[in-house]
**Student:** 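Structure incoming, see below.
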Amino acid sequence: LSRAALALTLAARGGRGAMSRRGGGGDIEIGAAERENDDMSAALHDHVATLRNITQGLSDEAESQNRLLDSMGSSMDGVGGLLGRAQDKFKAVFHNFRGESKRNLYTVAAIVSVGLLLWLAVRR
């Protein structure tokens, strides 16, 4: 019951202080009911404040992570541009390699053969 309803009930019965009222579950002391109502209201207020603090913390954390992801995206864009330029240079090198492939193949084979012979000579 609200405080106003309790006050009207007390006034209608002509009593003051802690009066008894017949309810569905038995005798209830009005003063005790008010104290219990106040205690439950305070507990509810504490729970709401706790939830408010938790949601504010979650919101702050989400904003922080969004800023981090935005800065990482900018960094990745820069790296992507760098890799793209390197890829273009490799394409140019390999394109030139196709025209001179026979000569380059012989050069690489000669270098590997000389290296292998030197390794065998040092090993004995």
Side-chain angles (χ1 to χ4, degrees):
L1 292 176
S2 69
R3 288 180 188 241
L6 289 173
L8 288 174
T9 303
L10 284 174
R13 293 185 181 218
R16 346 178 181 129
M19 298 284 293
S20 293
R21 177 175 171 249
R22 204 72 160 126
D27 289 339
I28 298 175
E29 188 176 305
I30 294 176
E34 282 187 26
R35 283 189 299 276
E36 182 181 358
N37 191 20
D38 290 343
D39 292 343
M40 291 175 73
S41 177
L44 180 62
H45 181 272
D46 291 343
H47 288 295
V48 168
T50 301
L51 288 174
R52 186 181 313 126
N53 289 336
I54 289 171
T55 55
Q56 183 62 41
L58 289 172
S59 175
D60 293 344
E61 183 64 25
E63 288 176 12
S64 170
Q65 289 183 7
N66 281 337
R67 283 191 303 272
L68 176 67
L69 289 173
D70 287 342
S71 68
M72 285 177 62
S74 299
S75 297
M76 292 298 167
D77 289 342
V79 170
L82 181 65
L83 289 175
R85 288 190 302 272
Q87 183 180 13
D88 292 341
K89 289 180 182 180
F90 275 118
K91 283 181 183 178
V93 168
F94 286 121
H95 179 69
N96 289 337
F97 181 73
R98 286 187 196 143
E100 305 170 350
S101 62
K102 204 173 217 184
R103 186 178 58 145
N104 289 334
L105 180 64
Y106 290 142
T107 304
V108 169
I111 292 172
V112 170
S113 299
V114 170
L116 183 61
L117 289 174
L118 287 174
W119 178 73
L120 287 174
V122 172
R123 187 170 170 219
R124 287 186 185 182

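Any value given below was found using the heavy atoms of this structure, including those in side chains, with hydrogens, waters and symmetry copies removed.
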**Student:** Under 3.5 Å, which donor-acceptor pairs do the side chains of residues 71-82 form with other protein atoms, sequence neighbours left out?
**Tutor:**
from: Ser71; atom 1: OG; to: Leu68; atom 2: O; distance (Å): 2.8
from: Ser74; atom 1: OG; to: Asp70; atom 2: O; distance (Å): 3.3
from: Ser75; atom 1: OG; to: Ser71; atom 2: O; distance (Å): 3.2

**Student:** Arg67: which residues meet the side-chain contact (heavy atoms from CB on, under 4.5 Å) condition with it, sequence neighbours left out?
**Tutor:**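 For Arg67, the residues satisfying side-chain contact (heavy atoms from CB on, under 4.5 Å) (neighbours in sequence not counted) are Glu63, Ser64.
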**Student:** Ignoring hydrogens and angles, write down the donor-acceptor pairs under 3.5 Å from the side chains of residues 49-61, residues two or more places apart or on other chains.
**Tutor:**
from: Thr50; atom 1: OG1; to: Asp46; atom 2: O; distance (Å): 2.9
from: Asn53; atom 1: ND2; to: Ala49; atom 2: O; distance (Å): 3.4
from: Thr55; atom 1: OG1; to: Leu51; atom 2: O; distance (Å): 3.1
from: Thr55; atom 1: OG1; to: Arg52; atom 2: O; distance (Å): 2.9
from: Gln56; atom 1: NE2; to: Asp60; atom 2: OD1; distance (Å): 3.0
from: Glu61; atom 1: OE2; to: Gln65; atom 2: NE2; distance (Å): 2.9

**Student:** Any chance you could pull the hydrophobic cluster mates of Leu120, using side-chain heavy atoms under 4.5 angstrom and chaining through other members?
**Tutor:**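 Taking Ile, Leu, Val, Met, Phe, Trp and Tyr as members, Leu120 shares its hydrophobic cluster with Leu116, Trp119.
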**Student:** Under 4.5 Å side-chain heavy-atom separation, chaining through any Ile, Leu, Val, Met, Phe, Trp or Tyr, what else clusters with Leu118? Say none if it is isolated.
**Tutor:**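 Taking Ile, Leu, Val, Met, Phe, Trp and Tyr as members, Leu118 shares its hydrophobic cluster with Val114.
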